[in-house]
Every structure is written in C-alpha cells, then in structure tokens.
2 protein chains.
Amino acid sequence: MTRTAHPSNFPAKQMLSERVYAHLRDAIMRGDHAPGDALKPQDIAKEQGVSLAVVREALVRVVGEGLADRLPNRGFAVPSFSDRRWQEIAEARRSIEPVVLRMSIERGDVDWEARVRAAHHRLARTPAFVPEEGEYYSSAWSEAHRVFHRTLLEGCGNLVLLDTFDRLWTASELARRFSAHRDPDRDHVGEHRRLEEAALARDADTAAEVLVRHLTQTAAALTGCAPQTTEA
Amino acid sequence: MTRTAHPSNFPAKQMLSERVYAHLRDAIMRGDHAPGDALKPQDIAKEQGVSLAVVREALVRVVGEGLADRLPNRGFAVPSFSDRRWQEIAEARRSIEPVVLRMSIERGDVDWEARVRAAHHRLARTPAFVPEEGEYYSSAWSEAHRVFHRTLLEGCGNLVLLDTFDRLWTASELARRFSAHRDPDRDHVGEHRRLEEAALARDADTAAEVLVRHLTQTAAALTGCAPQTTEA
DNA sequence: ATAACATAGATAATCGATTATTTGCTGAAT
DNA sequence: ATTCAGCAAATAATCGATTATCTATGTTAT
C-alpha cells in the first residue's frame, strides 16, 4: 500500500526537476559536454526517465545561472563564451572580491577565523590532481578551493555580496573547465597560505593585494581558452 | 490557410512563456501583489489563457531573478524580504557601484559621454510623480532613473559587471516598491546633476563619493519597509 | 476541552500526446 | 554549378489530463 506515513521530518523526496537540475548543472560544470553542444530536452528526458516538462524547468533554471544558452525556438546549448567574456568575468572578480574581502576582514569574528583556518587546512591537504581525473583539477580540490575563497569573504556577513561571489565563481569555474589548462607550475599552496595569513592578521591591504594577484594569474591561465566566439 | 510565409525577418512571434514571464515580472515590479502573496500557477494560467507548463517555466525564471520565492511542494510567492536583506542589497550597491563607476569614468569614450548626457536630460525632464500613479514614482521616471544609473556605469565596457548592476538594481527597485516611501523632500535632481557633472569631468573621486551618498540616502529611505521577516 | 487521527478539497508536480517551428534534403529552374 | 521553392524529418513549444502532496476541516478518544 502507498501509505504516505510522514513521521515529522521525512527524507523529503525532492522534486524530480530538482534532481534533473542538479544532474544537468554537475554535468556542465564537470565538462561532460563541449561548448556549443545542444542540450536536447528529449534526450535528457529519456536518459533521466522523466517527462519533458521537468527537463524544461531544469534547463530554464540552468540558463538563469548562465550555465547554458537559450535560443528561442532553437533549443538549449552549452555556452561557448568568447575570450572577451572570460576576461570580463576575471575582471569582475578582480573588481569586486577585494572590496568584499576588506569588509570581511574588518567584520569577521572568531568563528569566521576558525572557519578560514579549517577551509585552508582542507584545501592545503587536498591534492590538486589525481590520476583518475586526468588533466583536470580534482573535484575534491575544486570544491575545497571554492569553499576556501568563499569562507574568506563570508566574514562580510552580506548574503547579497556572497551571492554575487557565487555567480562569478560559477562562471569562472566554467571557464577553467573549458580551458583545460593545467598550469602545474603555479604555486597555489603558497598563494593561498599568504591569503590566509594576511586575512587572519587582519591586514586588509596585503590580503586584497594578494587576492588581486591571485586572480590575475588565474585569468592569465585562461586566455585563449575560447574555442568559438558566440557572444552577442 | 496557415501558410507560414516567413519573408526574412518576421515579427518573430515570441514564445508564450516569454510573454507570461514579462507579464509576471512587470506585475511584481509594479507592486500589483503584496509581499508574501501566493502566485498560483492555475490562476495565472487561466487569466493568461495558457497551459500550466508555460506558467511554470515563467515562474522558475522569475524565481531565478529573485523576484519570487519558491517553496518545494508549496508553490511560488511574492518575496517578502527582511529589513536586514534590504540593507544588504543597499550595502552591496554601495560596495560595488563606486568601483564600476571609477572604471567607467576612466574608460568611457565620447559616445559614452553623449549617452550620459542624453540619459540625464531625459531623467531631469521626467516628472517623478504623476497623479494617476498615486504615491509611487512614475513608471516613466523609474525607467529613466534606471537608464541614467546604468549608462553612468556602461563606460566600463564589462558586461558581467553591468549584469551584476542589473541584478542589484532589480532587487533595489523591488524594495522601493514595497516600501511605499515617497520621500518628496529629497533632492533627486541635484544629486543626479552632480553625478553627471563629476562623471563627465572625469572626476572619479567626486563621482564615487556622490554616488555613495546617493545610495546611502536611498537606503535610509527604505529602512522599516519590511512587513514580515521571511528570511532563511 | 484538547490532541491525535482521518478525510476531502485544493493545489503542486508530473506525464503523454499534440501543435508549431526549424532544419536538412530533394529537385527544378536559372 | 548554383539558387531557391517545396517537402519531410527532427525537435521545440504547448496543451489537457493524471498523480502526488499539502491544508484545512471534522471526528474520535483521552
């Protein structure tokens, strides 16, 4: 029998559209599809075992986050950004993140300090590359990297600014994936250590400067990663 | 007969979901619904004469832009932000827009200067209040206001930063609507004139300072406008 | 009277099928 | 050979109906 016994907090079987959305988002961020590839609702519906409506909803959400393009009456596609757009994303980060970092350093409390230390520790102990995942940064490292950078900013206590960071980070990560640029010579560990030290020492000037340099190098590693130019 | 003669560029009958989306967005931004009001797909579908699927797609887009909330299995609703969130939006603008304005002033070309002048002219000549629209700023003035502020920043030439501005502006306008705060004593005209002058004189320091003051006053006018506290 | 339970109605989520648009192909006309 | 109209297949967009979930109301046991 289909008794829907719901004793207080049930595992909360999430909506199908949520599941499809997460799957789609992960697939795109993981680089499963090449830039410009069509995302056909019917194919996705079949492989996910759901109807077109839920796929459509998920795709619309993905488009809203900039993880896919939509051409009316012509379907959805993995975005293929121009070099110019990659540079704009990087510049936006260089413009905004230092400002937020300064606020964070000024306002962050002890709990924030502790979380910065924890995030840095995890990042430093996670290998950036593992054989199984080829040329790409390991997914564990990518996540630890994101959490470290976000935690650095979380002291600002402003959810709107953090949401802005999240958007820029997502766009930036997409760029990193498509660039397939390994850049093994780069001293990630040192850069992140200096960031952590300056932040915990409440040295906003140094922290902001280190962050801008960090972002500039990231941007440099991404130039020339755009296969096509599909910008409006 | 249903011959779809398509001689080159046809009026391009847009998708229904696009129309519904625009209608929904306008209705929310115009303040047609009170914060917290449910946005029922069935009602909207009936009054728009479309199926549930298109309404659903439009609603998902609207949620993505922060113009509506979604509670899984519980439907969509007009967002009711907390006071804290309004302040965060205002702070985000104060943090980000001055930085972009500086870039814009540094990089803007003659065409940008001309567009700033045009936008300011239009704003200055548009009445902020008209009897027909009651206590609210007139929609013509609101649009001219948006265009002026955006044009000021457009010299930066960075679409990602401008998109960030657009998001913050939308959130900010929603706040203004819900606050229903007329604030007739405020010298909008003078503030905008000083902004224009400083920008065209390429005086970034003054322009940034004026902008921050402008935004601070806007924020002050919005405190105490949150009817409920539905923040996570 | 109150709290746990059951049931009915409303509404959200999903589905399967239909309609509309685009795209690629074929063949005739230049 | 090239261009362009006219089909045909693919796929995007939409619809009407079904299923799942929530909410409010009413009932019964303490």
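Here is the naming used below: chain letters follow the sequence lines, and residue numbers restart at 1 for every chain.
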Completion exercise
B/Glu57 atom CD is separated from C/dA12 atom P, nearest whole Å, by 17 Å
Exercise for the section: Give a yes/no answer on whether the side chain of A/Ser51 brings an N or O atom under 4.0 Å of OP1 or OP2 in C/dT14. Expected result: no
Practice task
Round to a whole Å and report the spacing from CG of A/Leu71 to P of D/dT11.
Solution key: 16 Å
Practice task
Starting at atom CZ of B/Arg19, determine the distance to atom P of C/dA20, rounded to an integer number of angstrom.
Solution key: 15 Å
Completion exercise
Taken in chain and number order and not counting sequence neighbours, the residues that satisfy salt bridge (Lys or Arg N to Asp or Glu O under 4.0 Å) with B/Arg30 are B/Asp32
Exercise for the section: Name the residue closer to the 5' end of DNA chain C, choosing between A/Ala53 and A/Asn73 according to the nucleotide with the nearest heavy atom. Expected result: A/Ala53
Handout entry: Residue A/Val50, side-chain atoms from C-beta onward, closest of C/dT23, C/dC15, C/dT14
Key = C/dC15
Completion exercise
From CG of B/Leu16 across to C1' of C/dT21 the rounded distance in Å is 13 Å
Handout entry: Nearest-Å distance for atom pair CZ/P, residues A/Phe76 and D/dA10
Key = 21 Å
Practice task
With sequence neighbours excluded, tell me which residues meet salt bridge (Lys or Arg N to Asp or Glu O under 4.0 Å) with B/Arg74.
Solution key: none
Exercise for the section: Give the rounded distance in Å between these two atoms: CG of B/Leu52 and P of C/dT14. Expected result: 13 Å
Handout entry: Length of the CD-C1' vector between B/Gln14 and D/dT14, whole Å
Key = 15 Å
Handout entry: All salt bridge (Lys or Arg N to Asp or Glu O under 4.0 Å) counterparts of A/Arg150, not counting sequence neighbours
Key = A/Glu154, A/Asp166
Practice task
For DNA chain C, determine which residues of residues 40-48 of chain B have any heavy atom closer than 4.0 angstrom to one of its atoms, and list them numerically.
Solution key: B/Lys40, B/Pro41
Handout entry: Between B/His192 and B/His188: side-chain donor-acceptor atoms closer than 3.5 Å
Key = no
Exercise for the section: Examine C/dT23: is either OP1 or OP2 under 4.0 Å from a nitrogen or oxygen in the side chain of A/Arg74? Give yes or no. Expected result: yes
Completion exercise
For B/Asp37, the salt bridge (Lys or Arg N to Asp or Glu O under 4.0 Å) test, sequence neighbours excluded, returns none
Exercise for the section: Evaluate the salt bridge (Lys or Arg N to Asp or Glu O under 4.0 Å) criterion for residues B/Arg70 and A/Glu57: first the C-alpha distance (whole Å), next the side-chain angles of each, then the deciding distance (0.1 Å), finally the verdict. Expected result: CA-CA 13 Å; B/Arg70 178 176 195 177; A/Glu57 248 181 59; 3.6 Å; yes
Handout entry: Sequence neighbours excluded - ring-ring contact (aromatic ring centres under 6.0 Å, His included) pairs with any residue from residues 43-78 of chain A
Key = none
